[in-house]
Amino acid sequence: MFYWVVKAFLGPILAVLWQPRAEGVENVPRRGPAIMVSNHLSFSDHFFGPLPLPRKITFLAKSEYFTGTGVKGLLSRAFFTGVGQIPIDRSGGKASEAALRTGLRVLKRGDLLGIYPEGTRSPDGKLYRGRTGVARLALESKAPVVPMAMINLEKIMPPGRTVPKLGVRPKVKFGKPLDFSRYEGMETDPRVLRAVTDEIMYALMELSGQEYVDRYAQSIKAELEAEAKEARREQHAGDKDRRRAERERRKEERRARKEEKRAARGSGDDDAKE
């Protein structure tokens with residue numbers, strides 16, 4: 001119920017402020033389970049993706065949205081719980097298996113399940129390699145997979161920005177459902193899982209027009225963070241060098257002034273002797 005209240009409240013506001021567009025809404029099944037796979041550009045994907053649909057999408061959301069502290073954490077937890085988002089642990093292993101089972105329960109209810117195959121937001125607007133959990137969901141549930149491409153969302157709320165930017169018109173494109181029934185019974189074959197995942201990512205690339213990078217976004221983020229850390233370290237070292245040089249310069253100036261004073265006193269003594 002809370003989901004529809006939030007959508008009824010936010011929908012008109014989003015429509016007025018950003019005038020979002022949608023294409024291919026007819027490709028989303030009107031009833032029955034389906035896996036809505038999306039590229040992930042921004043926090044606002046959660047709002048603009050489901051906006052044009054008459055059905056609720058239950059997303060598998062990162063657990064950090066539910067574990068925050070203070071007032072911000074409380075509001076985040078209340079919001080994501082209220083709109084039916086499900087927290088998942090992304091640490092891998094047993095946690096990934098639990099997330100898979102959670103997704104299968106949503107599909108078994110006949111609902112729409114939203115998932116971001118990249119596993120995290122794109123750090124630079126490019127489309128990155130998908131994780132094979134989405135393929136396992138598709139093969140085990142036998143549900144159709146509907147690509148859902150977010151366009152321009154990274155311009156509204158790029159990484160690090162907390163206030164949405166106006167003047168950007170977002171777009172959501174829904175592709176034709178993908179059928180993987182030809183792989184039935186092969187959900188434990190790693191090669192099949194990779195082939196299915198790559199086909200899904202190719203469909204997203206075609207819809208979104210993004211440049212595709214065959215690497216995991218998480219590894220790119222780790223590299224960028226390491227580079228930023230190194231840059232900060234070098235800047236800190238440079239600042240220390242500049243401060244040290246400034247101290248040496250001031251010491252030299254004080255030493256020079258002392259020498260001048262001594263020379264002036266010596267000159268005065270010589271004058272007195274004469």
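The first residue in the sequence is number 1, and the count goes up from there.
In this structure, CG in Asp214 is found 10.0 Å from CE in Met201, a value given to the nearest 0.5 Å. Taken from CZ in Arg105 to CG in Asp111, the straight-line distance is 12.5 Å, to the nearest 0.5 Å. Atom OG in Ser208 sits 11.0 Å away from atom CE in Met150 (nearest 0.5 Å). To the nearest 0.5 angstrom, Lys142 atom NZ is 12.5 Å from Leu137 atom CG.
Annotation: ring-ring contact (aromatic ring centres under 6.0 Å, His included) contacts of Phe48 (sequence neighbours excluded): Trp18. Scored by the side-chain contact (heavy atoms from CB on, under 4.5 Å) test, Glu246 finds Arg249, Arg250 as partners (sequence neighbours excluded). Annotation: side-chain contact (heavy atoms from CB on, under 4.5 Å) contacts of Ser42 (sequence neighbours excluded): Ser44, Asp45, Leu153, Met157. By the side-chain contact (heavy atoms from CB on, under 4.5 Å) test, Tyr202 pairs with Met205, Glu206, sequence neighbours left out. In this view, Glu211 and Lys126 satisfy the side-chain contact (heavy atoms from CB on, under 4.5 Å) rule, not counting sequence neighbours. Under the salt bridge (Lys or Arg N to Asp or Glu O under 4.0 Å) criterion, Asp198 pairs with Arg194, sequence neighbours left out. In terms of the salt bridge (Lys or Arg N to Asp or Glu O under 4.0 Å) criterion, Arg243 has no residue partners (sequence neighbours excluded). Checked against side chain to side chain donor-acceptor pair (under 3.5 Å), Arg247 has no partners two or more places apart in sequence or in another chain.
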Exercise. How far apart are the C-alpha atoms of Lys108 and Glu140, what are their side-chain angles, what is the distance that settles it, and do they pass the salt bridge (Lys or Arg N to Asp or Glu O under 4.0 Å) test?
Worked result: CA-CA 11 Å; Lys108 191 174 181 180; Glu140 291 196 24; over 6 Å; no

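Note on Leu166 and Leu51: same hydrophobic cluster, where clusters join Ile, Leu, Val, Met, Phe, Trp and Tyr whose side-chain heavy atoms are under 4.5 Å apart, directly or indirectly. Under the 4.5 Å side-chain heavy-atom criterion for ILVMFWY residues, no single connected hydrophobic cluster contains both Ile115 and Tyr216. Using a 4.5 Å cut-off between side-chain heavy atoms of Ile, Leu, Val, Met, Phe, Trp and Tyr, with links allowed through other members, Ile151 and Phe43 fall into different hydrophobic clusters. There is no path of hydrophobic side-chain contacts, each under 4.5 Å, that joins Leu207 to Val25. Note on Phe9: it clusters hydrophobically with Leu17, by side-chain heavy-atom contacts below 4.5 Å among ILVMFWY residues.
Partner of Val106 under the side-chain contact (heavy atoms from CB on, under 4.5 Å) criterion, out of Ile57, Leu113, Leu112, Ile35: Leu113 alone.
Side-chain contact check for Val172 versus Arg21: every heavy-atom pair is 4.5 Å or farther apart. With contacts defined as side-chain heavy-atom distances shorter than 4.5 Å, the pair Pro147/Ile200 does not qualify. Side-chain contact check for Val145 versus Pro177: every heavy-atom pair is 4.5 Å or farther apart.
When hydrophobic side chains of Ile, Leu, Val, Met, Phe, Trp and Tyr are connected at separations under 4.5 Å, Val213 ends up clustered with Tyr128, Ile220, Leu224.
Panel note: side chain Glu184, backbone Leu139; no donor-acceptor pair is recorded below 3.5 Å. When atom types are taken as modelled, the side chain of Arg121 and the backbone of Leu41 share no donor-acceptor pair closer than 3.5 angstrom. A distance-only check finds no donor-acceptor pair linking the side chain of Lys258 to the backbone of Glu253 [under 3.5 Å]. With hydrogens and angles disregarded, a donor-acceptor distance shorter than 3.5 Å links the side chain of Arg55 to the backbone of Pro29. A donor-acceptor pair under 3.5 Å is formed between the side chain of Ser38 and the backbone N or O of Met148.
Shortest non-hydrogen contact noted between Ser122 and Gly125 is OG-N, 2.9 Å. Taking all atoms of both residues into account, the shortest heavy-atom contact from Leu60 to Ala99 is CD1-O, 4.1 Å. Pairing each heavy atom of Thr197 with each of Arg131, the nearest pair is CG2-O, 3.6 Å. Gly175 and Val146 make their closest contact through O-CG1, 3.5 Å (heavy atoms, listed as atom of the first residue, atom of the second, distance). The two residues Val28 and Leu53 have their closest heavy-atom pair at CG2-CD2, 3.8 Å. In terms of heavy atoms, Arg129 sits closest to Tyr212 at CA-OH, 3.5 Å.
Within the structure, ring pair (Phe, Tyr, Trp, His ring centres under 6.0 Å) contacts touching residues 139-161 (residues at least two apart or in different chains) do not occur. Within the structure, no pair that satisfies the ring pair (Phe, Tyr, Trp, His ring centres under 6.0 Å) test touches residues 145-176, not counting sequence neighbours. The side-chain hydrogen bond (donor to acceptor under 3.5 Å, both in side chains) pairs that include a residue from residues 22-35 are Glu23-Lys171, where partners are two or more places apart or lie in different chains.
If you check the side chains of Thr120 and Lys221, you find a donor sitting under 3.5 Å from an acceptor.
Using a 4.0 Å cut-off between a side-chain N of Lys or Arg and a carboxylate O of Asp or Glu, Glu118 and Arg215 do not qualify as a salt bridge. Remark: Glu154 does not engage Lys165 in a salt bridge, criterion side-chain N to carboxylate O under 4.0 Å. In this structure, Arg254 does not pair ionically with Glu248, as no charged nitrogen and carboxylate oxygen lie closer than 4.0 Å. Under the 4.0 Å criterion applied to side-chain N and carboxylate O atoms, Glu225 and Lys229 are not assigned as salt-bridge partners.
Using bins of under 30°, 30° to 60° and over 60° for the plane-to-plane angle, the ring pair Tyr116/His40 lands in the parallel bin.
Shown here is Lys155, whose NZ atom has no more than 12 heavy atoms of other residues, nucleotides or ligands within 6.0 Å.
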